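Data first, discussion second: the structure below is written as structure tokens.
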Amino acid sequence: MSKNTTIQKENFSSWYTDIVTKAGLADYGPVKGTMVIMPYGFELWDLVKNVLDKMIKETGHVNAYFPIFIPKSYLAKEAEHIDGFAKECAVVTHTRLKSDHNGDINVDPSSRLEEEVIVRPTSETIIWSMYKKWIQSYRDLPLLINQWANVVRWEMRTRLFLRTSEFLWQEGHTAHATAEEAEEETLKILDLYKCLAEDYLAMPVLTGLKTEAEKFAGAKKTYCIEAMMGDKKALQAGTSHNLGQNFAKAFGVTFQNDKNEEELVFATSWGVSTRLVGAIIMTHGDENGLRLPPKIAPIQVVVVPIFKDEDQKKAIKSFIMNQIQDLKNENIRIYEDWSDRRPGSKFNHWELKGVPIRIEIGQRDILNEELVLYRRDKNEKSNIKIDDFVNIVKKTLRDIQTNLFLEAKNFQVKNTHNVKNFDEFKTVIENEGGFIKCGWDGTSETESRIKELTKATIRVIPFEQDIDQLKCIYSNKKAKYEVIFAKAY
RNA sequence: CGGGGUGUGGCGCAGUCCGGUUAGCGCACCUGCUUUGGGAGCAGGGGGUCGGAGGUUCGAAUCCUCUCACCCCGACCA
């Protein structure tokens, strides 16, 4: 247990904030709702980013960069889109400051912009305004572009990584000649996201469709990956949208097909954000702090030498030197902590930071030709022979990766409930939390009524559907879908 | 925007009701010595004008007025 850190079981959200700041992932910025991503947190994001960037490129996409400033009028071109984002836009109205006689700095009224500019909350509009220029013929399609960028959504209530006024993400925007192709793209990306979440972040996700109420503003369909956090609440961890021809219509993006006919382009967009860092923390963290999956841990192995004087320090160095080099040659991210703090303090420090493996070496171990290996996922120590060091470390890193996933998966399964009726639904949501899998009649009335009564929302309509005998949990009518309800972040 | 709360060294707090020595404590920080296999001990040391403005008073962190900021709960959301 880290000193002065909130107990996870007692207050999950306060535990979360404690861990984020104490582990050196992020800090609050001076403007409400902003955050500074600190070096350790940024390295973590960078590793996630690199994995996904590679996947995106391997599937034929290329990166580009579009401006952060968008003409206000662009946002209004797609009706649903503006409805969804109008309430949270930062707007640039002036371009100059000036200081008065008292030395106060004020906006210079004479610098008012004729056409105000908004700071992008997402880039569909500016990108489609450009696509109009770039797309003429079916030979220009598909157009598969991704960008890594910051976006701004002026949120009322913010939390580090999970919801901040400005955040980092990737947003893909593709243009296709046919509806089928766009749908295929949307699902392909969803699959990448699932792979990223499960194989790298060790975070099991449910995949499927969002309801009309939950889908992206301006999309025809929104698919998502949805995960369960340590407090059993749901977190939307990534979305992939089939935009149909909505944006092509709004921006007049047409192409000539091979029969010389003019057609509207089909679009997709998709994104994951720094929210994933929050997801990692809340999926795996325990009372001692973070537990990072090895594949994306900034430090995979930390070496803590235990010495009384300079001679012992030297002895440890020469004892372990070659092995450390071997691990570095294998591209394992290793850090040696030679600072003069006491060992116990270092143990706690690196546990808080979630480093998957810690190696302890003292005189005792040198004599026995051994090392102590501690694995963060199970909080267990074992003695290993120095000769086996490299192999065991590599194997243990793989084990930890697998084990973290399985632990999270078991947790998700164990906390996914079936309920017989709406009374039981309410009881479970209120007392136990977690996911509820049940029938829904498909009406937005039922959906919003359940939300009012329980605060639970439909997180996802899973791909696998079994509705033969299924009744709607609320209306008791024949179910149209089997869905997952939960309280969400 | 509605309800609740908090502003005192870097962080966490006490002191405020009932005004009165030099504003105190824990953590962190610095120096030295002893320590080092689960958050070390001792000694010494640096750092705050009490969110801001105005007022009452011989005297204000404390009382009064105004103001600002932030946090929590609700409506909105990746």
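Values reported hereafter were calculated over all heavy atoms of this structure, with side chains retained and with hydrogens, waters and symmetry mates removed. The chains referred to below are lettered A, B, ... by the order of the sequence lines, with proteins before strands, and numbering in each begins at 1. The model shown is predicted, which means the values in this text are computed figures rather than measured ones.
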Item to check | All stems with RNA chain B, defined as three or more consecutive Watson-Crick or G-U pairs under 3.5 Å | outcome: B:1-7 with B:68-74, B:10-13 with B:24-27, B:29-34 with B:40-45, B:51-55 with B:63-67

Next on the checklist: Would you measure the distance from the C1' atom in G2(B) across to the matching atom in G39(B) and give it in whole Å?
Outcome noted: 45 Å

Next on the checklist: Strictly below 4.0 Å, N to O, side chains only: are R376(A) and D286(A) in salt-bridge contact?
Outcome noted: yes

Checklist entry - To the nearest angstrom, how far is F347(A) atom CZ from G37(B) atom P? => result 8 Å

Checklist entry - Heavy atoms under 4.0 Å, any strand shown: does R358(A) hit a base, just sugar-phosphate, or nothing? => result base

Checklist entry - What distance, rounded to whole Å, do you find between the two C1' atoms, one in C64(B) and one in U21(B)? => result 26 Å

Checklist outcome for this item: Residues of residues 291-299 of chain A with a heavy atom under 4.0 Å from any atom of RNA chain B, listed by number, are none

Next on the checklist: Using the rule given for side-chain contact (heavy atoms from CB on, under 4.5 Å), can you reason through I281(A) versus I19(A), listing the C-alpha separation, both sets of side-chain angles and the distance that settles it, and then say yes or no?
Outcome noted: CA-CA 8 Å; I281(A) 300 161; I19(A) 295 301; 4.2 Å; yes

Item to check | Atom-to-atom span, CD1 of I225(A) to C1' of A78(B) - whole angstrom | outcome: 11 Å

Checklist entry - How long is the line joining OH of Y28(A) and C1' of C11(B), in whole Å? => result 14 Å

Checklist entry - Which one, G38(B), G37(B), A78(B), comes nearest to the side chain of D365(A)? => result G37(B)

Checklist entry - At under 4.0 Å between heavy atoms, what does L162(A) touch on the DNA or RNA strands: base, sugar-phosphate, or nothing? => result base

Checklist entry - Which whole number of Å gives the distance between the P atom of G48(B) and that of C33(B)? => result 28 Å

Checklist entry - So, do F69(A) and Y74(A) have ring centers that fall under 6.0 Å from each other? => result no

Checklist entry - Using the P atom in both, what is the distance from G44(B) to U6(B), to the nearest Å? => result 37 Å

Checklist entry - For atom P, what is the distance between G20(B) and G37(B), given to the nearest Å? => result 48 Å

Checklist entry - Which part of the nucleic acid, if any, lies within contact of F167(A), taking any heavy atom under 4.0 Å across all strands shown: a base, the sugar-phosphate backbone alone, or nothing? => result base

Checklist outcome for this item: Between NE2 of H349(A) and C1' of G39(B) the distance, given in whole Å, is 12 Å

Checklist entry - Picking from A78(B), G37(B), G38(B), which would you name as closest to the side chain of S273(A)? => result A78(B)

Next on the checklist: From NZ of K22(A) over to P of C27(B), roughly how many Å is that when rounded to an integer?
Outcome noted: 14 Å

Next on the checklist: Within the 4.0 Å heavy-atom criterion, would you say V151(A) contacts the bases, only the backbone, or no part of the nucleic acid?
Outcome noted: nothing

Checklist entry - Side-chain donor or acceptor of E351(A) under 3.5 Å from a matching atom on the base of G38(B)? => result yes

Item to check | Listed partners of E78(A) passing salt bridge (Lys or Arg N to Asp or Glu O under 4.0 Å), at least two apart | outcome: none

Next on the checklist: With a 4.0 Å cut-off on N to O distance, would you call R375(A) and D377(A) a salt bridge?
Outcome noted: yes

Next on the checklist: Would you measure the distance from the C1' atom in C27(B) across to the matching atom in U67(B) and give it in whole Å?
Outcome noted: 33 Å

Checklist entry - What pairs meet the ring pair (Phe, Tyr, Trp, His ring centres under 6.0 Å) rule with one or both residues in residues 334-358 of chain A, with sequence neighbours excluded? => result Y335(A)-W350(A)

Checklist entry - In whole angstroms, how far is the C1' atom of G38(B) from the CD atom of E287(A)? => result 17 Å

Checklist entry - Angle class for the F247(A)/F251(A) ring planes (parallel below 30°, perpendicular above 60°, tilted otherwise)? => result parallel

Checklist entry - Taking the six-membered ring for Trp, is the centroid-to-centroid distance between H61(A) and W270(A) below 6.0 Å? => result yes

Next on the checklist: To check you understand the geometry: which heavy-atom pair defines the closest contact between L292(A) and P356(A), and what is its length?
Outcome noted: O-CG, 3.5 Å

Item to check | Under 3.5 Å donor-acceptor, R275(A) side chain and F161(A) backbone | outcome: no

Next on the checklist: Base of G38(B), side chain of K381(A) - is there a donor-acceptor contact under 3.5 Å?
Outcome noted: yes

Checklist entry - With a 4.0 Å cut-off on heavy atoms, is T164(A) in touch with a base, just the backbone sugar-phosphate, or nothing at all? => result base

Checklist entry - Between T186(A) and S240(A), does any side-chain donor sit less than 3.5 Å from a side-chain acceptor? => result no

Next on the checklist: Work out how far the P atom of C29(B) is from that of G74(B), and round it to whole angstrom.
Outcome noted: 37 Å

Checklist outcome for this item: When rounded to whole Å, the CD to C1' distance for the pair E226(A) and A78(B) reads 11 Å

Checklist entry - Considering only G37(B), A78(B), C76(B), which nucleotide approaches the side chain of K451(A) most closely? => result C76(B)

Next on the checklist: Is it the case that the side chain of R459(A) and the backbone of V483(A) share a donor-acceptor pair, with hydrogens and angles ignored and the cut-off at 3.5 Å?
Outcome noted: no

Checklist outcome for this item: Per nearest nucleotide of RNA chain B, the residue lying toward the 5' end, G33(A) or G362(A), is G362(A)

Next on the checklist: Which is more 5' along RNA chain B, the nucleotide nearest T158(A) or the one nearest W169(A)? Just name the residue.
Outcome noted: T158(A)

For nucleotides 32-36 of chain B, give me every protein contact, N/O to N/O, under 3.5 Å, one pair per line with atom names.
| residue | atom | partner | partner atom | Å |
| --- | --- | --- | --- | --- |
| U35(B) | O2 | R342(A) | NH1 | 2.9 |
| U36(B) | O4' | R342(A) | NH1 | 3.3 |
| U36(B) | O4 | K308(A) | O | 3.1 |

Checklist outcome for this item: Sorted by chain and number, sequence neighbours left out, salt bridge (Lys or Arg N to Asp or Glu O under 4.0 Å) with R449(A) holds for E452(A)

Checklist entry - Any idea which of G38(B), A78(B), G39(B) is nearest the E360(A) side chain? => result G38(B)

Item to check | Inter-nucleotide P distance (U16(B), U35(B)), Å rounded | outcome: 45 Å

Checklist entry - Is a side-chain donor or acceptor of Q8(A) paired with a backbone partner of G285(A) at a separation under 3.5 angstrom? => result yes

Item to check | Rounded distance (Å) that lies between atom C1' of G37(B) and atom CG of N383(A) | outcome: 11 Å

